[in-house]
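Below is one structure, written out as C-alpha coordinates; the observations come after it.
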Amino acid sequence: MTGEASEIALSKQELREVTAFAAACAEAVLEVFEGDQPDDPRPRDAIGAAWDFARGGERGKALRDGAWAALKAAKSADTEAAREAARAAMAAAGAAYLHPLAKATQVKHILGSAAHAARATELLADDDRNVGAAHIGQTVHRATPAVVDVLKRFPPAPSGGGRVGELIRILDAGLRALPLAD
(Lines give C-alpha, C1' and ligand atoms only; values in the text may rest on other atoms or scores of the structure.)
Protein backbone atom coordinates (compact mmCIF):
# COMPACT_ATOMS: atom_id res chain seq x y z
CA MET A 1 0.00 0.00 0.00
CA THR A 2 2.26 2.76 -1.18
CA GLY A 3 1.37 6.09 -2.68
CA GLU A 4 1.89 9.79 -2.30
CA ALA A 5 4.18 11.42 0.24
CA SER A 6 1.23 11.65 2.65
CA GLU A 7 0.93 7.87 2.73
CA ILE A 8 2.88 5.29 4.70
CA ALA A 9 3.70 1.89 3.28
CA LEU A 10 1.98 -0.86 5.29
CA SER A 11 1.96 -4.52 4.39
CA LYS A 12 -0.86 -6.85 5.31
CA GLN A 13 1.57 -8.67 7.60
CA GLU A 14 2.33 -5.42 9.43
CA LEU A 15 -1.41 -4.83 9.87
CA ARG A 16 -1.65 -8.34 11.28
CA GLU A 17 1.19 -7.59 13.75
CA VAL A 18 -0.50 -4.39 14.93
CA THR A 19 -3.82 -6.19 15.29
CA ALA A 20 -2.24 -9.05 17.26
CA PHE A 21 -0.69 -6.50 19.64
CA ALA A 22 -4.05 -4.75 20.07
CA ALA A 23 -5.88 -8.05 20.60
CA ALA A 24 -3.39 -9.12 23.29
CA CYS A 25 -3.83 -5.76 25.04
CA ALA A 26 -7.63 -6.09 25.03
CA GLU A 27 -7.53 -9.72 26.08
CA ALA A 28 -5.58 -8.73 29.20
CA VAL A 29 -8.63 -6.88 30.57
CA LEU A 30 -11.48 -8.87 29.02
CA GLU A 31 -12.29 -10.38 32.42
CA VAL A 32 -13.08 -6.87 33.68
CA PHE A 33 -15.96 -6.62 31.22
CA GLU A 34 -17.02 -10.24 31.65
CA GLY A 35 -17.13 -9.82 35.44
CA ASP A 36 -19.57 -6.96 34.93
CA GLN A 37 -21.57 -8.50 32.06
CA PRO A 38 -20.97 -12.28 32.14
CA ASP A 39 -23.62 -13.08 29.54
CA ASP A 40 -22.45 -10.58 26.92
CA PRO A 41 -20.03 -12.14 24.40
CA ARG A 42 -19.59 -9.05 22.22
CA PRO A 43 -16.14 -7.88 23.43
CA ARG A 44 -14.82 -11.46 23.38
CA ASP A 45 -16.17 -11.85 19.85
CA ALA A 46 -14.47 -8.62 18.75
CA ILE A 47 -11.15 -9.82 20.16
CA GLY A 48 -11.69 -13.17 18.47
CA ALA A 49 -12.26 -11.44 15.13
CA ALA A 50 -9.06 -9.44 15.66
CA TRP A 51 -7.12 -12.63 16.38
CA ASP A 52 -8.63 -14.29 13.30
CA PHE A 53 -7.32 -11.46 11.12
CA ALA A 54 -3.95 -11.43 12.90
CA ARG A 55 -3.58 -15.15 12.22
CA GLY A 56 -4.25 -14.91 8.50
CA GLY A 57 -7.93 -14.12 8.02
CA GLU A 58 -9.23 -11.33 5.87
CA ARG A 59 -10.41 -7.89 6.91
CA GLY A 60 -14.14 -7.72 6.55
CA LYS A 61 -17.58 -7.85 8.07
CA ALA A 62 -16.64 -9.83 11.19
CA LEU A 63 -14.10 -7.19 12.23
CA ARG A 64 -16.38 -4.24 11.52
CA ASP A 65 -19.39 -5.85 13.16
CA GLY A 66 -17.28 -6.98 16.11
CA ALA A 67 -15.94 -3.49 16.70
CA TRP A 68 -19.41 -1.91 16.58
CA ALA A 69 -20.85 -4.61 18.83
CA ALA A 70 -18.09 -4.13 21.41
CA LEU A 71 -18.76 -0.39 21.38
CA LYS A 72 -22.45 -1.07 22.03
CA ALA A 73 -21.46 -3.47 24.81
CA ALA A 74 -19.40 -0.69 26.39
CA LYS A 75 -22.50 1.46 26.54
CA SER A 76 -24.42 -1.28 28.34
CA ALA A 77 -21.80 -2.01 31.01
CA ASP A 78 -22.49 -1.04 34.60
CA THR A 79 -19.01 0.20 35.54
CA GLU A 80 -16.60 2.56 33.84
CA ALA A 81 -13.83 -0.04 34.11
CA ALA A 82 -15.99 -2.54 32.20
CA ARG A 83 -16.80 0.13 29.61
CA GLU A 84 -13.09 0.75 29.08
CA ALA A 85 -12.42 -2.98 28.76
CA ALA A 86 -15.12 -3.22 26.07
CA ARG A 87 -13.63 -0.20 24.31
CA ALA A 88 -10.26 -1.99 24.33
CA ALA A 89 -11.95 -4.89 22.50
CA MET A 90 -13.53 -2.46 20.04
CA ALA A 91 -10.14 -0.88 19.38
CA ALA A 92 -8.56 -4.31 18.89
CA ALA A 93 -10.98 -5.12 16.08
CA GLY A 94 -10.48 -1.64 14.66
CA ALA A 95 -6.70 -1.97 14.62
CA ALA A 96 -6.95 -3.97 11.40
CA TYR A 97 -8.18 -0.77 9.75
CA LEU A 98 -5.06 1.27 10.39
CA HIS A 99 -4.90 3.58 7.38
CA PRO A 100 -1.64 4.31 5.58
CA LEU A 101 -2.14 8.04 6.09
CA ALA A 102 0.66 10.04 7.70
CA LYS A 103 -1.66 11.47 10.34
CA ALA A 104 -1.20 11.45 14.10
CA THR A 105 -4.79 10.29 14.59
CA GLN A 106 -3.87 6.92 13.08
CA VAL A 107 -1.74 6.22 16.17
CA LYS A 108 -5.03 5.53 17.99
CA HIS A 109 -5.51 2.46 15.76
CA ILE A 110 -2.16 1.15 16.96
CA LEU A 111 -2.32 2.09 20.65
CA GLY A 112 -6.00 2.62 21.45
CA SER A 113 -6.63 -0.89 22.72
CA ALA A 114 -3.64 -0.67 25.06
CA ALA A 115 -4.69 2.74 26.39
CA HIS A 116 -8.28 1.64 27.07
CA ALA A 117 -6.93 -1.46 28.81
CA ALA A 118 -4.63 0.66 30.98
CA ARG A 119 -7.52 2.96 31.84
CA ALA A 120 -9.63 -0.06 32.87
CA THR A 121 -6.87 -1.14 35.27
CA GLU A 122 -6.67 2.37 36.75
CA LEU A 123 -10.40 2.46 37.34
CA LEU A 124 -10.33 -0.94 39.03
CA ALA A 125 -7.73 0.49 41.41
CA ASP A 126 -9.89 3.47 42.42
CA ASP A 127 -8.52 5.64 39.60
CA ASP A 128 -4.91 5.10 40.66
CA ARG A 129 -2.84 6.56 37.84
CA ASN A 130 0.25 4.70 39.05
CA VAL A 131 -1.54 1.46 38.17
CA GLY A 132 -2.22 2.75 34.65
CA ALA A 133 1.38 3.84 34.28
CA ALA A 134 2.59 0.42 35.41
CA HIS A 135 0.25 -1.23 32.91
CA ILE A 136 1.65 1.00 30.14
CA GLY A 137 5.17 -0.01 31.21
CA GLN A 138 4.26 -3.68 30.79
CA THR A 139 2.66 -2.91 27.44
CA VAL A 140 5.88 -1.34 26.15
CA HIS A 141 7.53 -4.73 26.66
CA ARG A 142 4.64 -6.54 24.92
CA ALA A 143 5.11 -4.61 21.67
CA THR A 144 7.01 -6.49 19.01
CA PRO A 145 9.73 -4.81 16.93
CA ALA A 146 7.30 -4.83 13.98
CA VAL A 147 4.70 -2.87 15.97
CA VAL A 148 7.32 -0.33 17.07
CA ASP A 149 8.56 0.00 13.49
CA VAL A 150 5.05 0.68 12.19
CA LEU A 151 4.35 3.18 14.99
CA LYS A 152 7.54 5.13 14.26
CA ARG A 153 6.40 5.74 10.66
CA PHE A 154 3.49 7.84 11.92
CA PRO A 155 3.60 11.27 13.56
CA PRO A 156 3.43 11.28 17.37
CA ALA A 157 0.02 10.75 18.98
CA PRO A 158 -2.27 13.78 18.91
CA SER A 159 -3.31 15.88 21.88
CA GLY A 160 -6.73 15.55 23.48
CA GLY A 161 -8.75 12.47 24.26
CA GLY A 162 -8.91 12.83 28.04
CA ARG A 163 -7.13 10.28 30.20
CA VAL A 164 -7.16 7.62 27.45
CA GLY A 165 -5.48 10.17 25.16
CA GLU A 166 -2.86 10.80 27.85
CA LEU A 167 -2.21 7.08 28.14
CA ILE A 168 -1.86 6.82 24.35
CA ARG A 169 0.74 9.60 24.42
CA ILE A 170 2.65 8.01 27.32
CA LEU A 171 2.73 4.67 25.51
CA ASP A 172 3.60 6.36 22.23
CA ALA A 173 6.58 8.11 23.82
CA GLY A 174 7.72 4.91 25.52
CA LEU A 175 7.61 2.91 22.31
CA ARG A 176 9.29 5.62 20.25
CA ALA A 177 12.15 5.64 22.77
CA LEU A 178 12.89 2.00 21.93
CA PRO A 179 15.60 1.38 19.35
CA LEU A 180 14.49 -0.05 16.02
CA ALA A 181 15.31 -3.72 15.60
CA ASP A 182 17.92 -4.50 12.98
Side-chain angles (χ1 to χ4, degrees), residues 15-55 57 62-98 105-144 147-148 151 157-158 160-175:
L15 290 172
R16 292 182 197 290
E17 290 272 350
V18 167
T19 303
F21 168 73
C25 291
E27 207 166 54
V29 295
L30 180 59
E31 66 187 25
V32 175
F33 178 82
E34 291 180 336
D36 183 82
Q37 300 291 314
D39 297 325
D40 189 342
R42 294 176 292 182
R44 179 174 292 279
D45 291 347
I47 294 168
W51 277 120
D52 287 347
F53 171 72
R55 293 178 177 137
L63 280 164
R64 288 189 302 276
D65 289 353
W68 284 115
L71 182 59
K72 288 179 183 176
K75 293 176 182 177
S76 69
D78 292 330
T79 67
E80 189 59 33
R83 286 189 280 278
E84 290 297 337
R87 288 182 190 115
M90 178 267 308
Y97 291 96
L98 172 64
T105 54
Q106 291 303 307
V107 171
K108 293 180 205 174
H109 281 291
I110 304 168
L111 305 180
S113 182
H116 285 291
R119 183 65 180 139
T121 64
E122 284 181 347
L123 290 164
L124 281 176
D126 294 325
D127 207 10
D128 185 341
R129 295 192 174 205
N130 292 322
V131 170
H135 189 90
I136 290 294
Q138 294 168 349
T139 303
V140 167
H141 298 295
R142 180 182 291 140
T144 64
V147 170
V148 175
L151 176 68
R163 179 60 180 158
V164 170
E166 279 181 61
L167 290 165
I168 287 173
R169 288 186 294 281
I170 293 166
L171 180 55
D172 184 45
L175 291 172

Is it true that atom CG of D126 has more than 12 heavy atoms of other residues, nucleotides or ligands lying nearer than 6.0 Å? no

Grab the two heavy atoms, one from P158 and one from R169, that are nearest each other, plus how far apart they are. O-NH1, 2.9 Å

E122: which residues meet the salt bridge (charged side-chain N to carboxylate O under 4.0 Å, His left out) condition with it, sequence neighbours left out? R119, R163

Value rounded to 0.5 Å, distance of CG in L111 from CZ in F21: 6.0 Å

Kindly list each side-chain donor-acceptor pair under 3.5 angstrom involving residues 131-143, sequence neighbours excluded, with atom names and distances?
from: T139; atom 1: OG1; to: H135; atom 2: O; distance (Å): 2.9

Could you tell me whether the side chain of T19 and the main chain of A96 form a donor-acceptor pair under 3.5 Å? yes

My understanding is that only residues two or more places apart in sequence, or in another chain, count here; which of them pass side-chain contact (heavy atoms from CB on, under 4.5 Å) with D40? F33, Q37, R42, P43, A73, S76

Output every pair passing side chain to side chain donor-acceptor pair (under 3.5 Å) with a member in residues 66-75, not counting sequence neighbours, ordered by first then second residue. none

Tell me, please, which residues at least two apart from A20 pass side-chain contact (heavy atoms from CB on, under 4.5 Å). W51, A54

Name all residues meeting the salt bridge (charged side-chain N to carboxylate O under 4.0 Å, His left out) criterion together with D128; count only those two or more places apart in sequence or in a different chain, and write none if there are none. none

What's the spacing between I168 CD1 and S113 OG if we round to 0.5 Å? 10.0 Å

Can you run down the side chain to side chain donor-acceptor pair (under 3.5 Å) pairs that involve residues 87-97, sequence neighbours left out, and say none if there aren't any? R64-Y97, E80-R87, E84-R87

Taking every heavy atom of A88 against every heavy atom of A26, the minimum-distance pair comes out as O-CB, 3.5 Å

With sequence neighbours excluded, what pairs up with D52 under the salt bridge (charged side-chain N to carboxylate O under 4.0 Å, His left out) test? none

Closer than 3.5 angstrom, by distance alone: can the side chain of R83 be matched with the main-chain N or O of A77 as a donor-acceptor pair? yes

Measuring from atom CG of L15 to atom CD1 of I110, what distance do you get when rounded to the nearest 0.5 angstrom? 9.5 Å

Which pairs pass salt bridge (charged side-chain N to carboxylate O under 4.0 Å, His left out) with one or both residues in residues 25-37, sequence neighbours excluded? E34-R44

ring-ring contact (aromatic ring centres under 6.0 Å, His included) contacts touching residues 105-128 (sequence neighbours left out): H99-H109

Listed by chain and number, what are the side-chain contact (heavy atoms from CB on, under 4.5 Å) partners of A46, not counting sequence neighbours? A70, A89, A93

Quick one: salt bridge (charged side-chain N to carboxylate O under 4.0 Å, His left out) pairs with a partner in residues 130-140, sequence neighbours left out? none

